[in-house]
**Q** 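Shown below is the structure under consideration.
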Amino acid sequence: MRYLPLTETDRSDMLGVIGVKSIDELYIDVPTSAVLKGLVDLPNAQGELEVHRHLQKLAEKNVPAGRTAFFLGAGAYRHHIPASVDHLIQRSEFLTAYTPYQPEIAQGTLQALYEFQTQVSMLLGMEVSNASMYDGSTACAEAAMMAARVTKRKKVIFSGGVHPHYLQTARTACEALGIEIVAAPAAIDDEAAVLKLLDDQTAAVIVQSPNVFGTITDLSPIADGVHARGALMVANFTETVAFGLIESPGAMGADIVCGEGQSIGNALNFGGPYVGLFATKEKYIRQMPGRVAGETLDADGKRGFVLTLSTREQHIRREKATSNICTNSGLCQLAFTIHMTLLGEAGLTRLAQLNHEKAIQLADALAKVKGVKVLTERFFNEIAIKVSKPAQDVIDALAAKGVIGGVAISRLDPKAGMDEVIMCCATETNTDDDIAAYAAALKKVLA
Amino acid sequence: MRYLPLTETDRSDMLGVIGVKSIDELYIDVPTSAVLKGLVDLPNAQGELEVHRHLQKLAEKNVPAGRTAFFLGAGAYRHHIPASVDHLIQRSEFLTAYTPYQPEIAQGTLQALYEFQTQVSMLLGMEVSNASMYDGSTACAEAAMMAARVTKRKKVIFSGGVHPHYLQTARTACEALGIEIVAAPAAIDDEAAVLKLLDDQTAAVIVQSPNVFGTITDLSPIADGVHARGALMVANFTETVAFGLIESPGAMGADIVCGEGQSIGNALNFGGPYVGLFATKEKYIRQMPGRVAGETLDADGKRGFVLTLSTREQHIRREKATSNICTNSGLCQLAFTIHMTLLGEAGLTRLAQLNHEKAIQLADALAKVKGVKVLTERFFNEIAIKVSKPAQDVIDALAAKGVIGGVAISRLDPKAGMDEVIMCCATETNTDDDIAAYAAALKKVLA
Amino acid sequence: MNFQTVSGNKGLQQAEGLIFEVGHHEATGVDLPAPKGGKDRLGGLKRKSALDLPGLTEPETMRHYVRLSQKNYAIDLGLFPLGSCTMKHNPRLNERTARMEGFADLHPLQPISTVQGAIELMDQLSHWLLELTGMPAVALSPKAGAHGEFCGMLAIKAALAARGEDKIRTRVLVPSSAHGTNPATAVACGFTVDEVPGTADGRVDIAAMKAKLGPDVAAVMVTNPNTCGLFERDVKTIADLIHEAGGYFYCDGANYNAIVGRVRPGDLGVDAMHINLHKTFSTPHGGGGPGAGPTVLSAALAPYAPLPLITVDLTAKSGRSVYSLAEHPEEADDDLKPFGRMCAFHGQMGMFVRALTYMLSHGSDGLRQVAEDAVLNANYLLARLSGHYNAPFGQGPCMHEALFDDTNFKAEGVETIDFAKALLDEGYHPFTTYFPLVVHGAMLIEPTETEPKRELDRFAKVMISLAERAKSGDTAFFKAAPKLAPVRRLDETRAARQPKLRWRPEAATESV
Amino acid sequence: MNFQTVSGNKGLQQAEGLIFEVGHHEATGVDLPAPKGGKDRLGGLKRKSALDLPGLTEPETMRHYVRLSQKNYAIDLGLFPLGSCTMKHNPRLNERTARMEGFADLHPLQPISTVQGAIELMDQLSHWLLELTGMPAVALSPKAGAHGEFCGMLAIKAALAARGEDKIRTRVLVPSSAHGTNPATAVACGFTVDEVPGTADGRVDIAAMKAKLGPDVAAVMVTNPNTCGLFERDVKTIADLIHEAGGYFYCDGANYNAIVGRVRPGDLGVDAMHINLHKTFSTPHGGGGPGAGPTVLSAALAPYAPLPLITVDLTAKSGRSVYSLAEHPEEADDDLKPFGRMCAFHGQMGMFVRALTYMLSHGSDGLRQVAEDAVLNANYLLARLSGHYNAPFGQGPCMHEALFDDTNFKAEGVETIDFAKALLDEGYHPFTTYFPLVVHGAMLIEPTETEPKRELDRFAKVMISLAERAKSGDTAFFKAAPKLAPVRRLDETRAARQPKLRWRPEAATESV
Ligand SMILES: Cc1ncc(COP(=O)(O)O)c(C=O)c1O
Ligand SMILES: Cc1ncc(COP(=O)(O)O)c(C=O)c1O
């Protein structure tokens, strides 16, 4: 087998050194009844060519986004990722390293982490960031739990614009801990509704901007209301690129910012792996979940980086840890860092502008189609549209025409009462032809 | 521009240090009439996304071999290359290094070269190998010229089984030097015909095995005849994998062995870049063309590798060099080395057996088709077939059916008088379905 | 050889500052068309201040990260015997298949008709996992091992709730040797943790466990093979005991590599077990992730598996199977009561592709060989090193990892960390240090099956020579290590006491 | 810090033997189905003896070559100022496009209808090259620069033959500063070489050239910008003179990077010029190739361009252009007389894809900027270093490379090679040493346009400090260099005197 270096001679030599006659003797502790006699009923080993073919066949049963006119966002975004990003993250030294437990021989990973934490902090207008969470949805759940720890309160309020999957994820996690989740009804543009749900038991209010309907919201007045009640303001997001153009959550009063970083550096990958971003204020770092890299000095007084503040973490604190997270999103975080380094402020700003312009172009093109109403007024690169037929049917009909027109809100949240609403997204990858194709196809479908 | 790091500030600072006012002053030596006023009439810079799209569009105007039932060889072979090969050759340290002129910081390249030279020598049954030529055809031309240098004679005889492109390449190169090329008529299986053309002016006889018609030949009797006349025996090949199964040219008396190494480690790439293999006897090394790596010691007595015997080369010997070659096929040679290391003797032997079995299967399947005659009797993985219609028409008709059935000999050599002969090849990449599809399509085309 | 260069480089070892020191906020490595510049629709929420994010052109970016990369150790450089982490070779075919356009360029919310191959792949992966583990159900979505634990324990909680016992059964038994994620997970699920001591031979103390059982016990979380690298001989008793007590058996499957293809957890009475695809099934660790932690569930827990659920309709008119996803409780079969959702979308698809590629490559026979070679390699090191290092739980056999400690060197004051740092100079990533916590000064060595004997022999030679050196009393040598790594020993206390978690202009230290 | 480790590694620097020492002839990293084992059709020519080729499994192979790779310097690690070599950044987009299935998985002899995009790409590349150079024809097939020279000189020979003068005109003038490939190529074409001396300011001596002209002169081969990094001011005179004398002007275009987009060789009277796609157009050097040397030809030489020729039919029924290849003389237009074939198939397609990707990325404006920044960077180094190193041809301006020599350090006995080796310790690839030959102890520095000012400043600082150190008389320091590279200074004489060009079992030395 091409991945197994021991030869039969090695094996018998080694058994000899160990002092046993057969490998079976090494499994002596396994109850005999549990030792499989034969092989598990699965196919035997195959060569690269055969395996490649198998996977290729499966892959070809899918329709890649890039082969369609593609307008789907809602938590995952199709952006162009420079070729150099994937080249770099595939370097053996990054790809096949573990979590940097031995910092002296992991300075590459650690310095990149430190750069990531700084980039994320700058981007979100926050003081500190951790070293990544699994994804945006779990970061959001962690934010809710952290707020409960910080405030010692047990209720978290979600705005009606939070991505339904995020809400569901947070609900699953929080309810196990006895944290009550109160969710405002789904609404295109009413984040401020959370203020009406606020009380003195509230640990945090979680608001998403741009929200799942694309609407961007000024968080400042909400944050003021939240802070007045002694609760934490948590800002959530799914599209990192937005912060190239809109005000940072930190500047608008957020105490914790959480969201999805996939947009930068990471392909769609059918939903994972992605990279959760998590930033907060310095005063809360001891309650922050997840790993964090910090600067220090070596024995010669030279700068170096290490994982630090590990007394928050499961491997040191065990049942008192701030989270059970261990492995996070290392390589996705590295991809983020590299792509963000390539962009820089100049590139990110321009990228964001382009996305916004494409979305305006899309909104205007769709608005002209009979049976379509654009619902989102203030947006970055996503808009909600109302169509004159059931949204899911429209999406399916569009797909048959080579247009992935977005997602029906009913798919994300069947109880939202928005069965005719579609979320669409435009990015720099959409051409004028794509937009024209969408409008034309939609016209036919709605006719 | 994303690849140009100088900022406008840098540029003006640097002009200041240099002491000129503008970049134009640095071009002062260019005749003013030759300085372009404006830009060359070509499109301006584009982003990665746009350029990627442009190339993607061109790529999609082609039919990749892997999307067809594919049976084309004749000097370039479709083998499966393990994913790790491409991963390794893309490592920055290999990809973006120059020729190892500074050996102390090029031991990676040099050790791999030394490994390559040893592998090639072992494989071909020769004493030494150089560090690669451009490709098989130019290696063959170099062999002819080297033989002329060694023997101080000016005639080289080619067998009728040498790949026509190789013959044409060697003719172009040799005639410029006044070396006469005598080519035996194209023949499926008559390498020994060269013996009739042999005389005392002959510097070398060049025989290909497996030849362009797939025929394998025992070189020993030919070599004996050649040596008896004081000429050199040159063995040429296009399919390296063959030597996993058949006797090496070195073992059959060759003085110089040249050929194409693409089969191992290198994709089809529409004909290039490939890697020329070139091996000879120790006594001829001072007449060998191209670079060569050798072992030596460093100042601490530690083993290391350097480029050596450079007194044969253009950069030292200039007009007295054995060849004008400078840049060769470094990275393709590395791919060869890595793939060969993965294979090892065990893998190569099995690969060769599989290829041979597939070719037998193909020959038998095609032989059953009415209007087809298999011409090649002793073969490795290629056979010539005679069809009942003009070969080129058959090839085109097959292509329309998704079968790339080989190449018409008339395309390689319109004057061969073999207008109904097709060269076909089978490798480990061909499935039973492919072979059945070929036979079925051929049946229809010839009906 | 120890001179100071002018550049700060040392031969091929390149010095490199932070991007904030070498980059520039006007520089960029990405060219984009100029925006048209019409009126925005941001409703006045346009950013007002600069971000100050530095950029680098592509050549500078390449150089920056290539230079950084060379300051890392990695499997591809050598043995990475980090116990409990299963740092095996990451086949490159897996990287290639994961990047196929038909997987990588697929949005999780595309119409189901356009992602049939993706769901089929998830279904195939499930099939492999279920056949290998002998379990009836699997939740694919957990994003790492700890997330899988969370999934399994939430399923247990849901099952208890269905029995009306979730308010009563709140205690979870966790052996003292458990990985930190186990107690942390139990607590994250609202349980309390009750630690079960171990025996002198490194297993769960059955008597002690028995004593702790009671009507308030929800589950036991046992790692098997355990974190001492040993198979829990009494695993069936553990299962029987917890089941008799009305609780569930959570098995931490991080060490599944030792038994894959040879022993099925389903045959041991396990109710839930996560599988780290990034360990046993070789998806790359990537310097800290991403991972994937599919969690297999027993019949008792299967109904509570979280969303989404894969459904296959084999009866479609086309004759082909039609795949779909139940993304909401109402879309699930009537007998299923999903406890919720672990994360947005459907899990770590990129890892699923790699893991399935790995499984198909090895096949049933190859996977069994994986386990056997992993165990053989570990026992070989156990045998080679036993005379030199103390093996707290005896001469074995062990499973996939060999456990030692530093008691032999108490007198000389050479501790586990010192051996670890000395190994850095020898060009090795050290073993796992100070884990499991039940062994003082633990050194947990997991070579994995992808190490040739040659590499093990060289490692053993180095380890033995270090033991001899320690014994010789050359303590200073160890305390001064590492000397040849990219940096000297780093001050972790300083980092924790004066946390500097990001670069700031004013805090900028000199570029190194 | 200079202790001997047991492993032979030094921290992250891994020792690694040859595959013949670590591998095994039964080991393999490739799994293939078992052969069926029927009767062969080899006619008795089956191999009789073992090859003894060692194999390695994939994990061992990865490790072997990753370890080796880290013993290399590369552009991605730092400045690579190797004069005449144009070691610029290699964009990774180019690697991606070259690997597109529609290019990489294409056989050169596929039916023309199935490779329309490939030929169109070659046609587009030709268009870019012709527009940029202002020339009417191009031969794409040459496989590197020297092969392009060969192509151009053969075209000249063919043109002379057509005039019936090939037997008469056998002398080629080559300046003494020329690259070794120039005289070697001339001789390979059957010409004799007559060296033209240079002037004190580093250009072709026009008077001397004039004196050498005559009815037997076939051509002059001039590099422009030349190998001293200077533009041949009198290039038009050179062209006029050779043309008047009935010969042709071959221009070595290796240094085209300095003028791309700003000056068109076609406007200078050039008859033939090769372009190293692996220099100006950034296809990676790959540790020694592959390259590509398309050769542009003047109207006088165009008819003799070698096969294959691209033909485009714009009048097809479909309205789309139809591309084809003339592969034999009879398939070429009547007015064309191809002189032959440079190689099998159609040239370095992989390089064509990369080069076109590069051109499209930069565009007309970006390519001009390339030239200007390359020249600016070189002049900046010329200015920064001029006080410290002797610039044999004065203070410039130079083109894309700055030429110095070691005359300042004669007294101290520090030579060019010593500076080169000292740079290795400083983490730099040295400049080109001892070329061009016309300058004793030449140091030819070509930074290229992809270097940021920051890197140039650091390099200048290092160079200046080395000059000062040399001046201070610390000659021993230089002679002992390198000390920090993976090996110490290697004995090249020994290698040449006792050539060991391959590993042999009996010759095996200890693994290092
Ligand atoms: C025994 C054990 N359990 C659980 C985990 C947690 O897995 P992950 O890091 O994937 O969350 C680990 C991994 O470090 C482990 O070793
Ligand atoms: C001036 C000059 N001419 C010709 C060549 C030969 O080019 P190649 O190495 O591509 O054959 C080179 C490259 O080294 C060169 O610098």
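A quick note: this is a predicted structure, and the numbers were derived from the prediction, not measured. Residue numbers begin at 1 in each chain, while the letters A, B, ... track the order of the sequences.
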**Q** With a 4.5 angstrom heavy-atom cut-off, which part of B:Leu348 approaches chain D: side chain, backbone, both or neither?
**A** side chain
**Q** Kindly indicate whether the side chain of B:Gln90, heavy atoms from C-beta on, has any atom under 4.5 Å from the side chain of D:Glu95.
**A** yes
**Q** Would you mind checking which part of B:Met122 comes under 4.5 Å of any heavy atom in chain D, side chain (CB onward), backbone (N, CA, C, O), both or neither?
**A** both
**Q** Heavy-atom distances under 4.5 Å only: say whether B:Arg78 touches chain D with side chain, backbone, both or neither.
**A** side chain
**Q** Check whether the side chains of D:Lys421 and B:Gln102 place a donor and an acceptor atom closer than 3.5 Å, and report yes or no.
**A** yes
**Q** To the nearest 0.5 Å, what is the distance between OG (D:Ser49) and CD (B:Glu247)?
**A** 5.0 Å
**Q** Does the side chain of D:Trp128 come within less than 4.5 Å of B:Pro43's, by heavy atoms?
**A** yes
**Q** Could you please spell out the steps behind the side chain to side chain contact (heavy atoms under 4.5 Å, CB included) verdict for B:Ser137 and D:Met342?
**A** CA-CA 9 Å; B:Ser137 67; D:Met342 296 301 299; over 6 Å; no
**Q** Taking B:Arg171, B:Lys61, B:His165 one by one, which has the highest count of heavy-atom pairs under 4.5 Å against chain D?
**A** B:His165
**Q** What is the minimum heavy-atom distance between B:Leu309 and D:Ala496, and which atoms define it?
**A** CD2-O, 3.8 Å
**Q** Compute the ring centroids of D:His147 and B:Tyr134, then answer whether they are less than 6.0 Å apart.
**A** yes
**Q** The test is side chain to side chain contact (heavy atoms under 4.5 Å, CB included); show your working for D:Leu68 and B:Gln107 and say whether it passes.
**A** CA-CA 7 Å; D:Leu68 288 193; B:Gln107 286 298 298; over 6 Å; no
**Q** Considering the options B:Leu72, B:Asn62, B:Ile395, which one meets the side chain to side chain contact (heavy atoms under 4.5 Å, CB included) requirement together with D:Gln110?
**A** B:Leu72
**Q** Measure B:Ala106 against the heavy atoms of chain D and call it side chain, backbone, both or neither at under 4.5 Å.
**A** both
**Q** Any donor-acceptor pair under 3.5 Å linking the side-chain atoms of D:Asp491 with those of B:Thr296?
**A** no
**Q** Please state whether the side chain, the backbone, both or neither of D:Pro306 comes within less than 4.5 Å of a heavy atom of chain B.
**A** neither
**Q** I would like to know whether D:Leu376 and B:Ile18 meet side chain to side chain contact (heavy atoms under 4.5 Å, CB included); could you show each step before the answer?
**A** CA-CA 9 Å; D:Leu376 181 59; B:Ile18 296 165; 3.6 Å; yes
**Q** Should B:Val407 and D:His107 count as side-chain neighbours, where that means a heavy-atom distance under 4.5 Å?
**A** no
**Q** Are side-chain N/O atoms of D:Tyr65 and B:Ser84 paired as donor and acceptor at under 3.5 Å?
**A** no
**Q** Where on B:Gln333 is there a heavy atom nearer than 4.5 Å to chain D: the side chain, the backbone, both, or neither?
**A** neither
**Q** Quick one: what part of B:Val17 sits under 4.5 Å from any heavy atom of chain D, side chain, backbone, both or neither?
**A** both
**Q** Would you call the rings of D:Phe345 and B:His163 parallel, tilted or perpendicular if under 30° counts as parallel and over 60° as perpendicular?
**A** perpendicular
**Q** Taking every non-hydrogen pair under 4.5 Å, which of B:Gln168, B:Arg2, B:Gln117, B:Glu25 racks up the most with chain D?
**A** B:Gln168
**Q** Going by heavy atoms in the side chains, are D:His179 and B:Gln314 under 4.5 Å from each other?
**A** yes
**Q** Let me know if B:Leu412 has heavy atoms under 4.5 Å from chain D in its side chain, its backbone, both or neither.
**A** both
**Q** Give, as side chain, backbone, both or neither, the part of B:Arg91 having an atom under 4.5 angstrom from any heavy atom of chain D.
**A** side chain
**Q** Going by ring pair (Phe, Tyr, Trp, His ring centres under 6.0 Å), name the residues that satisfy it together with B:Tyr101, two or more places apart in sequence or in a different chain.
**A** B:Tyr98
**Q** Considering only heavy atoms, which portion of B:Tyr166 lies under 4.5 Å from any heavy atom of chain D: side chain, backbone, both, or neither?
**A** side chain
**Q** With a 4.5 Å cut-off on heavy-atom pairs, point out which of D:Pro91, D:Ala485, D:Gly38 contacts chain B the most.
**A** D:Pro91
**Q** Provide the closest heavy-atom pair for D:Pro486 versus B:Ile105 in the form atom of the first, atom of the second, distance.
**A** CD-CG2, 4.5 Å
**Q** Do other residues, nucleotides or ligands put more than 12 heavy atoms under 6.0 Å from the CD atom of B:Glu60?
**A** yes
**Q** Let me see the working for D:Leu356 and B:Leu58 under side chain to side chain contact (heavy atoms under 4.5 Å, CB included), right down to the final yes or no.
**A** CA-CA 11 Å; D:Leu356 184 65; B:Leu58 285 174; 4.2 Å; yes
**Q** Heavy-atom distances under 4.5 Å only: say whether D:Phe80 touches chain B with side chain, backbone, both or neither.
**A** side chain
**Q** Non-hydrogen atoms of chain D under 4.5 Å away: do they reach the side chain of B:Ser310, the backbone, both or neither?
**A** neither
**Q** Less than 4.0 Å between a side-chain N and a carboxylate O, is that true for B:Glu104 and D:Arg489?
**A** no
**Q** Counting heavy-atom pairs under 4.5 Å with chain B, which one of D:Lys157, D:Glu26, D:Lys48 comes out on top?
**A** D:Lys48
**Q** Count the heavy-atom pairs under 4.5 Å between each of D:Leu77, D:Asp52, D:Thr181, D:Val263 and chain B, then report the option with the highest count.
**A** D:Thr181
**Q** Is the shortest side-chain heavy-atom distance between B:Lys320 and D:Val187 below 4.5 Å?
**A** no
**Q** Output the distance between atom CD (D:Glu372) and atom CG (B:Leu4), rounded to the nearest 0.5 Å.
**A** 10.5 Å
**Q** Do the non-hydrogen side-chain atoms of D:Lys236 and B:Ser33 ever get within less than 4.5 Å of each other?
**A** yes
**Q** Does any backbone or side-chain atom of B:Val30 lie under 4.5 Å from a heavy atom of chain D? Answer side chain, backbone, both or neither.
**A** both
**Q** Looking at every non-hydrogen atom in both residues, tell me the closest pair between D:Pro284 and B:Leu95 and how far apart they are.
**A** CB-O, 3.4 Å
**Q** Is chain D contacted by the side chain of B:Ile216, its backbone, both, or neither, given a heavy-atom distance below 4.5 Å?
**A** both
**Q** Pick one of side chain, backbone, both or neither for B:Phe243, based on which atoms fall under 4.5 Å of a heavy atom in chain D.
**A** backbone
**Q** Does a side-chain N-to-carboxylate-O contact under 4.0 Å join B:Glu48 and D:Arg96?
**A** no
**Q** Counting only heavy atoms closer than 4.5 Å, note whether B:Ala173 contacts chain D via side chain, backbone, both or neither.
**A** both
**Q** Just wondering, do D:Pro33 and B:Leu354 contact through their side chains at under 4.5 Å, heavy atoms?
**A** yes
**Q** Measuring only between side-chain heavy atoms, which start at C-beta, is D:Arg262 closer than 4.5 Å to B:Ile23?
**A** yes
**Q** Between D:Ala186, D:Pro430, D:Gly340, D:Pro290, which shows the greatest number of heavy-atom pairs under 4.5 Å with chain B?
**A** D:Pro290
**Q** Hey, is B:Asp135 close enough to D:Lys143 for a salt bridge, meaning N to O under 4.0 Å?
**A** yes
**Q** Hey, could you give me the CD/CG distance between D:Glu131 and B:Leu39, rounded to the nearest 0.5 Å?
**A** 12.5 Å
**Q** I need the minimum non-hydrogen distance between B:Glu115 and D:Leu18, along with the two atoms involved.
**A** OE2-CA, 3.5 Å
